[in-house]
Amino acid sequence: MKVLVTGGAGYIGSHTCVALLEAGFEIAVIDNLDNSSYEAIERVEELTGKKIPFYKESILDKAALESVFEVEKPDAVIHFAALKAVGESVRKPLEYYHTNVFGTISLLETMRKYDVKRLVYSSSATVYSSVKEMPVNEQSFAYVTTNPYGWTKIMCEQIIRDTCHADPALSVALLRYFNPVGAHPSGRIGEDPAGIPNNLMPYIAQVASGKLQKLSVYGNDYPTPDGTGVRDYIHVCDLADGHVLALRKIADGQGVYTYNLGSGKGTSVLEMLHAFEKASGREIPYVIAPRRAGDIAEVYADPSLAEKELGFKTKRDVFDMCKDLWNWQSHNPNGYTK
């Protein structure tokens, strides 16, 4: 099976490319490199010993996208290409709606034109922003969120469902990620955020390396064991393996399958910080700052459906996440910049 990976040079995309190639799939990648680096593709080729057809194009460019389908003739698509920073989406809502929603529509239209019936879609736990009871499962009340990024995921999920309803031959997996962290154990590929990181773990890693002075912990008065926010963290390699399992699930199926990909365990900000200190041997200076608007006390997954139907189960723990992230950060202090 040949798989077209949109956004395949990004953090999750590049790790999934490794997992796909190691599982015996053929792949091609399309990525406009707006928030990623071609160096990631070269390193995936280095890790796997396989050459990857690569197209530096935007999925919003319909003619370019169609030319990729014309040449590569994919059997399936894994769709990562999107803008993904929650805070930025609040400042730039139109850019997020345009890129994420219209990009997905462009892709679905092109899949229809070239009769491609299998899709794995990169969704997010942000669709659970309004859920109060933990853990959240795929039937938990969703579809209310606190930011434009989350709304784009909700909208794209609905667009995909409606498209599947109109074409029963389609087979789609909607994967709701929790908090991907870590890096490939080789230290050759990892998360390379532009500017100051938006997410906790790359920020902690840059504090440990001396690039940033200290971590701000937003709120220590939540109703959690240590007062800091609790989230479900998943190693990016476990997440990548989940995409391979989802692809196998939809290969012979029809309709829409929705799965949480998380560890099923909540870990607090301070627990992650101390785990990283242990893994890196570095002290992480931090200060307590006021809560951020829109943040909630805890969110963690019920991943039992993915385990039952996909055979998905995380293999790597919090220490592995921190150890592999530090290995990446310490060997690549400036990311993919040479």
Side-chain angles (χ1 to χ4, degrees), residues 4-13 29-38 55-69 77-113 119-131 141-164 166 172 174-180 191-200 202-203 218 258 291-296 299 335:
L4 177 64
V5 184
T6 76
Y11 173 44
I12 302 170
V29 170
I30 180 170
D31 195 308
N32 64 6
L33 302 182
D34 274 3
N35 192 32
S36 56
S37 170
Y38 182 67
Y55 301 86
K56 185 181 180 296
E57 304 287 355
S58 168
I59 60 171
L60 287 161
D61 184 337
K62 198 74 168 296
L65 185 59
E66 289 184 1
S67 70
V68 173
F69 272 73
V77 177
I78 299 183
H79 179 30
F80 295 107
L83 299 174
K84 63 173 187 174
V86 169
E88 183 183 60
S89 78
V90 175
R91 299 190 302 273
K92 300 179 178 179
L94 293 180
E95 287 86 343
Y96 270 69
Y97 287 116
H98 180 75
T99 298
N100 295 5
V101 178
F102 286 121
T104 299
I105 291 171
S106 173
L107 178 63
L108 290 168
E109 289 174 341
T110 306
M111 288 177 61
R112 179 176 62 186
K113 180 173 180 177
L119 172 68
V120 177
Y121 176 67
S122 168
S123 191
S124 168
T126 54
V127 302
Y128 297 123
S129 293
S130 63
V131 178
F141 178 75
Y143 301 102
V144 176
T145 187
T146 57
N147 57 80
Y149 167 71
W151 279 114
T152 68
K153 292 301 180 182
I154 289 170
M155 290 176 180
C156 288
E157 280 198 14
Q158 190 59 48
I159 289 165
I160 291 167
R161 283 196 182 85
D162 291 341
T163 304
C164 287
V172 176
L174 305 175
L175 303 183
R176 293 173 176 168
Y177 310 159
F178 280 69
N179 293 269
E191 188 169 10
D192 183 16
I196 296 175
N198 292 295
N199 296 326
L200 173 67
Y203 201 106
Y218 296 103
T258 305
R291 293 186 187 189
R292 292 179 300 190
D295 276 357
I296 56 179
V299 180

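Every heavy atom of this structure was used, including side-chain atoms; hydrogens, water molecules and symmetry mates were not. Keep in mind that this is a model prediction, so the values were computed, not measured.
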Next item on the list: Starting at CG of Asp34, measure out to OG1 of Thr99 and round the result to the nearest 0.5 Å.
Entry: 8.0 Å
Margin query: Determine whether Tyr55 and Leu4 satisfy the following criterion, side chain to side chain contact (heavy atoms under 4.5 Å, CB included), listing intermediate values before the conclusion.
Written below: CA-CA 11 Å; Tyr55 301 86; Leu4 177 64; 5.6 Å; no
Notebook entry, point to check: Quick one: are Ser122 and Ile12 in side-chain contact, heavy atoms under 4.5 Å?
Noted result: no
Check: Minimum heavy-atom separation for Glu57 to Ile30, with atom names?
Finding: O-CG1, 3.5 Å
Item checked: For the student: nearest non-hydrogen atoms of Gly150 and Thr126, plus distance -> CA-OG1, 3.5 Å
Notebook entry, point to check: How far does CD of Glu95 sit from OG1 of Thr152, to the nearest 0.5 angstrom?
Noted result: 12.5 Å
Next item on the list: Work out which heavy atom in Ser36 is nearest to a heavy atom in Asp31; give both atom names and the distance.
Entry: OG-OD1, 2.9 Å
Margin query: Between Thr110 (side chain only) and Ser106 (backbone N and O only), is there a donor and an acceptor less than 3.5 Å apart?
Written below: yes
Next item on the list: Might you point out which heavy atoms bring Tyr203 and Pro197 nearest each other, and give the distance in Å?
Entry: CD1-O, 3.6 Å
Checklist line | side chain to side chain contact (heavy atoms under 4.5 Å, CB included) evaluation trace for Thr163 with Met111 | finding: CA-CA 11 Å; Thr163 304; Met111 288 177 61; over 6 Å; no
Check: For Leu108, which of Ile160, Val172, Asp162 qualifies under side-chain contact (heavy atoms from CB on, under 4.5 Å)?
Finding: Ile160
Check: Taking C-beta and beyond as the side chain, do Arg176 and Ser123 meet within less than 4.5 Å on heavy atoms?
Finding: yes
Next item on the list: Return the orientation label for the Tyr149 and Tyr96 ring planes: parallel under 30°, perpendicular over 60°, tilted otherwise.
Entry: perpendicular
Next item on the list: Quick one: do Leu60 and His98 satisfy side chain to side chain contact (heavy atoms under 4.5 Å, CB included)? Show the steps, please.
Entry: CA-CA 9 Å; Leu60 287 161; His98 180 75; 3.9 Å; yes
Checklist line | Heavy atoms from other residues, nucleotides or ligands near OH of Tyr38 exceed 12 (cutoff 6.0 Å) | finding: yes
Check: If you measure from OH on Tyr121 to NZ on Lys153, what distance do you get to the nearest 0.5 Å?
Finding: 3.5 Å
Margin query: Could you check whether any side-chain heavy atom of Lys84 comes within less than 4.5 Å of a side-chain heavy atom of Asn198, counting everything from C-beta outward?
Written below: no
Checklist line | Tyr177 OH to Phe80 CZ distance, which is reported to the nearest 0.5 Å | finding: 4.0 Å
Check: In Å, rounded to the nearest 0.5 Å, how long is the span from NZ of Lys62 to CD1 of Ile105?
Finding: 10.0 Å
Next item on the list: Could you pull out the closest heavy-atom pair between Gly7 and Ala81, with the gap in Å?
Entry: N-CB, 3.8 Å
Next item on the list: Walk me through it: do Thr258 and Arg161 pass the test side chain to side chain contact (heavy atoms under 4.5 Å, CB included)?
Entry: CA-CA 10 Å; Thr258 305; Arg161 283 196 182 85; 3.4 Å; yes
Checklist line | Leu83 and Lys92, any side-chain heavy atoms less than 4.5 Å apart | finding: no
Next item on the list: For residues Asp192 and Gly335, report the shortest heavy-atom separation together with the two atoms involved.
Entry: OD1-CA, 3.4 Å
Item checked: Spacing of Thr6 atom OG1 and His79 atom NE2 [to the nearest 0.5 Å] -> 5.0 Å
